[in-house]
Amino acid sequence: NAGVTQTPKFRVLKTGQSMTLLCAQDMNHEYMYWYRQDPGMGLRLIHYSVGEGTTAKGEVPDGYNVSRLKKQNFLLGLESAAPSQTSVYFCASSYPRGGVTYEQYFGPGTRLTVT
Amino acid sequence: AQSVTQLDSHVSVSEGTPVLLRCNYSSSYSPSLFWYVQHPNKGLQLLLKYTSAATLVKGINGFEAEFKKSETSFHLTKPSAHMSDAAEYFCVVSANTGRRALTFGSGTRLQVQP
(Lines give C-alpha, C1' and ligand atoms only; values in the text may rest on other atoms or scores of the structure.)
Protein backbone atom coordinates (compact mmCIF):
# COMPACT_ATOMS: atom_id res chain seq x y z
CA ASN A 1 0.00 0.00 0.00
CA ALA A 2 1.94 3.03 -1.31
CA GLY A 3 -0.62 5.66 -0.26
CA VAL A 4 -0.32 8.82 -2.36
CA THR A 5 2.54 9.08 -4.84
CA GLN A 6 3.59 12.01 -7.03
CA THR A 7 5.64 12.12 -10.21
CA PRO A 8 8.09 13.78 -10.74
CA LYS A 9 9.75 14.83 -7.48
CA PHE A 10 11.66 17.74 -9.00
CA ARG A 11 11.40 19.68 -12.26
CA VAL A 12 12.89 22.81 -13.79
CA LEU A 13 10.97 24.48 -16.61
CA LYS A 14 11.62 27.48 -18.80
CA THR A 15 8.93 30.16 -19.04
CA GLY A 16 6.30 29.12 -21.58
CA GLN A 17 6.97 25.38 -21.39
CA SER A 18 4.24 22.94 -20.42
CA MET A 19 4.20 19.93 -18.14
CA THR A 20 1.92 17.50 -16.32
CA LEU A 21 2.22 16.40 -12.70
CA LEU A 22 0.82 12.99 -11.90
CA CYS A 23 -0.79 11.99 -8.61
CA ALA A 24 -1.80 8.41 -7.87
CA GLN A 25 -3.50 6.91 -4.82
CA ASP A 26 -4.20 3.28 -4.01
CA MET A 27 -6.64 3.79 -1.12
CA ASN A 28 -9.81 3.92 -3.24
CA HIS A 29 -10.45 7.50 -2.11
CA GLU A 30 -13.19 9.48 -3.80
CA TYR A 31 -11.85 12.99 -3.23
CA MET A 32 -8.52 14.25 -4.55
CA TYR A 33 -6.87 17.66 -4.32
CA TRP A 34 -3.97 19.68 -5.65
CA TYR A 35 -2.34 22.30 -3.42
CA ARG A 36 0.61 24.61 -3.80
CA GLN A 37 2.86 25.63 -0.95
CA ASP A 38 4.68 28.94 -0.93
CA PRO A 39 6.84 30.33 1.89
CA GLY A 40 4.82 31.85 4.73
CA MET A 41 1.45 31.03 3.13
CA GLY A 42 0.61 27.50 4.15
CA LEU A 43 -1.00 25.41 1.42
CA ARG A 44 -3.55 26.80 -1.02
CA LEU A 45 -6.04 24.76 -3.01
CA ILE A 46 -5.62 24.82 -6.79
CA HIS A 47 -8.22 22.30 -8.04
CA TYR A 48 -10.05 19.35 -6.61
CA SER A 49 -12.16 16.38 -7.63
CA VAL A 50 -15.01 14.67 -5.78
CA GLY A 51 -15.03 11.63 -8.02
CA GLU A 52 -13.92 10.08 -11.29
CA GLY A 53 -14.71 12.36 -14.22
CA THR A 54 -15.35 15.45 -12.05
CA THR A 55 -13.12 18.45 -11.36
CA ALA A 56 -13.64 21.88 -9.82
CA LYS A 57 -11.69 25.07 -9.14
CA GLY A 58 -10.14 25.90 -5.80
CA GLU A 59 -8.72 29.17 -4.50
CA VAL A 60 -5.88 29.67 -7.03
CA PRO A 61 -6.82 27.85 -10.28
CA ASP A 62 -5.49 30.32 -12.88
CA GLY A 63 -2.80 28.88 -15.14
CA TYR A 64 -3.59 25.25 -14.22
CA ASN A 65 -5.83 22.53 -15.60
CA VAL A 66 -6.69 19.11 -14.17
CA SER A 67 -8.18 15.82 -15.22
CA ARG A 68 -9.51 12.79 -13.34
CA LEU A 69 -10.11 10.12 -15.96
CA LYS A 70 -9.48 7.28 -13.50
CA LYS A 71 -10.46 7.22 -9.85
CA GLN A 72 -6.91 6.57 -8.70
CA ASN A 73 -5.20 9.31 -10.75
CA PHE A 74 -5.40 13.10 -10.66
CA LEU A 75 -3.32 15.06 -13.18
CA LEU A 76 -2.28 18.70 -12.86
CA GLY A 77 -1.25 20.50 -16.05
CA LEU A 78 0.60 23.74 -16.63
CA GLU A 79 -0.02 24.86 -20.22
CA SER A 80 2.44 27.77 -20.29
CA ALA A 81 4.61 27.93 -17.19
CA ALA A 82 5.36 31.28 -15.53
CA PRO A 83 7.92 32.13 -12.80
CA SER A 84 4.98 32.79 -10.42
CA GLN A 85 4.25 29.06 -10.59
CA THR A 86 7.54 28.21 -8.92
CA SER A 87 6.34 26.34 -5.86
CA VAL A 88 6.04 22.99 -4.15
CA TYR A 89 2.95 21.09 -5.26
CA PHE A 90 1.18 18.59 -3.06
CA CYS A 91 -1.51 16.13 -3.99
CA ALA A 92 -3.90 14.77 -1.37
CA SER A 93 -6.81 12.35 -1.18
CA SER A 94 -9.57 11.60 1.28
CA TYR A 95 -12.76 9.62 1.75
CA PRO A 96 -15.41 11.72 3.49
CA ARG A 97 -18.07 9.63 5.17
CA GLY A 98 -21.41 10.97 6.25
CA GLY A 99 -21.26 14.40 7.85
CA VAL A 100 -17.66 14.24 8.98
CA THR A 101 -14.54 15.27 7.10
CA TYR A 102 -11.76 12.82 7.68
CA GLU A 103 -8.13 13.66 7.22
CA GLN A 104 -6.44 14.04 3.90
CA TYR A 105 -3.43 11.93 2.99
CA PHE A 106 -0.65 13.83 1.28
CA GLY A 107 1.91 12.85 -1.30
CA PRO A 108 5.60 13.72 -0.88
CA GLY A 109 5.41 16.82 -3.07
CA THR A 110 6.85 18.04 -6.38
CA ARG A 111 9.31 20.91 -6.31
CA LEU A 112 8.87 22.97 -9.49
CA THR A 113 11.13 25.83 -10.55
CA VAL A 114 10.23 28.02 -13.52
CA THR A 115 13.08 30.17 -14.87
CA ALA B 1 -16.33 30.73 4.69
CA GLN B 2 -13.56 29.52 6.97
CA SER B 3 -10.14 30.72 8.03
CA VAL B 4 -7.33 29.86 10.39
CA THR B 5 -4.96 32.14 12.27
CA GLN B 6 -1.80 30.75 13.78
CA LEU B 7 -0.81 33.34 16.32
CA ASP B 8 2.95 32.72 16.25
CA SER B 9 5.09 32.31 13.15
CA HIS B 10 8.06 31.08 15.21
CA VAL B 11 8.26 29.40 18.62
CA SER B 12 11.51 28.45 20.33
CA VAL B 13 11.66 26.16 23.37
CA SER B 14 14.33 24.24 25.23
CA GLU B 15 14.39 20.47 25.08
CA GLY B 16 12.29 19.02 27.92
CA THR B 17 10.09 22.12 28.34
CA PRO B 18 6.42 22.39 27.34
CA VAL B 19 5.27 23.32 23.85
CA LEU B 20 2.27 25.54 23.08
CA LEU B 21 1.34 26.39 19.50
CA ARG B 22 -1.71 28.61 19.25
CA CYS B 23 -4.47 28.44 16.66
CA ASN B 24 -7.77 30.30 16.27
CA TYR B 25 -10.30 29.40 13.61
CA SER B 26 -13.38 30.81 11.98
CA SER B 27 -16.02 28.68 10.30
CA SER B 28 -19.62 29.13 9.22
CA TYR B 29 -20.30 25.49 9.93
CA SER B 30 -19.41 23.01 12.62
CA PRO B 31 -15.84 22.29 11.54
CA SER B 32 -13.34 19.50 11.59
CA LEU B 33 -9.92 20.64 12.81
CA PHE B 34 -6.50 19.14 12.26
CA TRP B 35 -2.87 19.69 13.08
CA TYR B 36 -0.31 18.61 10.50
CA VAL B 37 3.48 18.58 10.87
CA GLN B 38 6.02 19.07 8.10
CA HIS B 39 9.68 18.27 8.64
CA PRO B 40 12.20 20.02 6.35
CA ASN B 41 11.82 19.01 2.71
CA LYS B 42 9.21 16.42 3.62
CA GLY B 43 5.50 15.97 3.05
CA LEU B 44 2.76 16.57 5.60
CA GLN B 45 1.93 14.15 8.38
CA LEU B 46 -1.26 14.20 10.42
CA LEU B 47 -0.65 14.80 14.13
CA LEU B 48 -4.24 14.76 15.35
CA LYS B 49 -7.82 15.60 14.40
CA TYR B 50 -11.03 16.85 15.96
CA THR B 51 -14.24 15.69 14.30
CA SER B 52 -16.96 16.59 16.85
CA ALA B 53 -16.28 13.81 19.33
CA ALA B 54 -14.18 14.43 22.49
CA THR B 55 -12.94 18.02 22.78
CA LEU B 56 -9.52 16.95 24.10
CA VAL B 57 -7.77 15.15 21.29
CA LYS B 58 -4.64 13.08 21.66
CA GLY B 59 -2.30 12.61 18.73
CA ILE B 60 0.98 11.00 17.87
CA ASN B 61 4.32 11.66 19.57
CA GLY B 62 2.74 12.98 22.78
CA PHE B 63 0.91 15.93 21.24
CA GLU B 64 -2.63 16.88 22.15
CA ALA B 65 -5.06 19.70 21.39
CA GLU B 66 -8.22 21.00 22.97
CA PHE B 67 -11.18 22.24 20.95
CA LYS B 68 -12.75 25.27 22.67
CA LYS B 69 -15.82 26.39 20.78
CA SER B 70 -16.43 29.45 22.99
CA GLU B 71 -12.93 30.72 22.24
CA THR B 72 -12.79 29.37 18.65
CA SER B 73 -9.39 27.94 19.50
CA PHE B 74 -7.56 24.66 18.88
CA HIS B 75 -4.17 25.05 20.54
CA LEU B 76 -1.54 22.31 20.25
CA THR B 77 0.45 21.28 23.32
CA LYS B 78 3.11 18.80 24.38
CA PRO B 79 4.39 18.45 27.94
CA SER B 80 8.05 17.97 27.06
CA ALA B 81 9.73 18.96 23.79
CA HIS B 82 12.15 16.66 22.02
CA MET B 83 14.77 17.68 19.48
CA SER B 84 12.93 15.66 16.83
CA ASP B 85 9.87 17.92 17.27
CA ALA B 86 11.62 20.74 15.41
CA ALA B 87 9.45 21.27 12.31
CA GLU B 88 6.71 23.41 10.78
CA TYR B 89 3.22 22.91 12.23
CA PHE B 90 0.00 23.74 10.42
CA CYS B 91 -3.42 24.20 11.96
CA VAL B 92 -6.12 23.29 9.46
CA VAL B 93 -9.91 23.66 9.31
CA SER B 94 -12.41 21.94 7.07
CA ALA B 95 -16.15 22.31 6.72
CA ASN B 96 -18.04 19.03 6.96
CA THR B 97 -19.94 19.77 3.77
CA GLY B 98 -19.28 20.47 0.13
CA ARG B 99 -15.81 20.06 -1.26
CA ARG B 100 -14.35 19.45 2.21
CA ALA B 101 -11.11 21.09 1.20
CA LEU B 102 -8.67 22.05 3.90
CA THR B 103 -7.94 25.66 4.79
CA PHE B 104 -4.42 25.98 6.17
CA GLY B 105 -2.96 28.43 8.61
CA SER B 106 0.32 30.06 7.61
CA GLY B 107 2.31 27.73 9.86
CA THR B 108 4.38 27.90 13.04
CA ARG B 109 8.03 26.97 12.92
CA LEU B 110 9.05 25.21 16.14
CA GLN B 111 12.69 25.38 17.16
CA VAL B 112 13.94 23.13 19.96
CA GLN B 113 17.15 24.23 21.67
CA PRO B 114 19.39 21.64 23.37
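Atoms considered below: every heavy atom in the structure, side chains included; atoms not considered: hydrogens, waters and symmetry mates. In what follows, every chain begins at residue 1, and chains take the letters A, B, ... in the order their sequences are listed.
Atom CD in Gln38(B) sits 4.5 Å away from atom CZ in Phe90(A) (nearest 0.5 Å). Interatomic distance, CD of Gln37(A) versus CZ of Phe90(B), reported as 4.5 Å (0.5 Å rounding). Taken to the nearest 0.5 Å, the OH atom of Tyr36(B) stands 6.0 Å off from the CD atom of Glu103(A). Within the model, atoms CG of Leu45(A) and OG1 of Thr103(B) stand 8.5 Å from one another, a figure rounded to the nearest 0.5 Å.
Tracing side-chain contacts under 4.5 Å through hydrophobic residues (I, L, V, M, F, W, Y), one reaches Met83(B) starting from Val37(B); they form part of the same cluster. Following chains of ILVMFWY side-chain contacts shorter than 4.5 Å, one can reach Leu76(B) starting from Leu33(B), so the two form part of one hydrophobic cluster. Hydrophobic cluster membership differs between Ile46(A) and Leu75(A), with clusters built from Ile, Leu, Val, Met, Phe, Trp and Tyr side chains linked at under 4.5 angstrom. By the criterion of side-chain heavy atoms lying less than 4.5 angstrom apart, applied directly or through intervening Ile, Leu, Val, Met, Phe, Trp or Tyr residues, Val11(B) is grouped together with Tyr89(B) in one hydrophobic cluster. Criterion: ILVMFWY side-chain heavy atoms under 4.5 Å apart, direct or through other members. Under it, Tyr64(A) and Val50(A) are not part of a common hydrophobic cluster.
Using a 4.5 Å cut-off between heavy atoms, Arg111(A) touches chain B through its side chain atoms alone. Heavy-atom distances place no part of Gln6(A) under 4.5 Å from chain B, backbone and side chain included.
Within the 4.5 Å cutoff, side-chain heavy atoms of Leu43(A) are placed close to those of Leu44(B).
In the displayed structure, Gln113(B) atom CD is contacted under 6.0 Å by more than 12 heavy atoms of other residues, nucleotides or ligands.
Although no hydrogens or angles enter the test, the distance criterion places a donor-acceptor pair under 3.5 Å between the side chain of Tyr35(A) and the main chain of Leu102(B).
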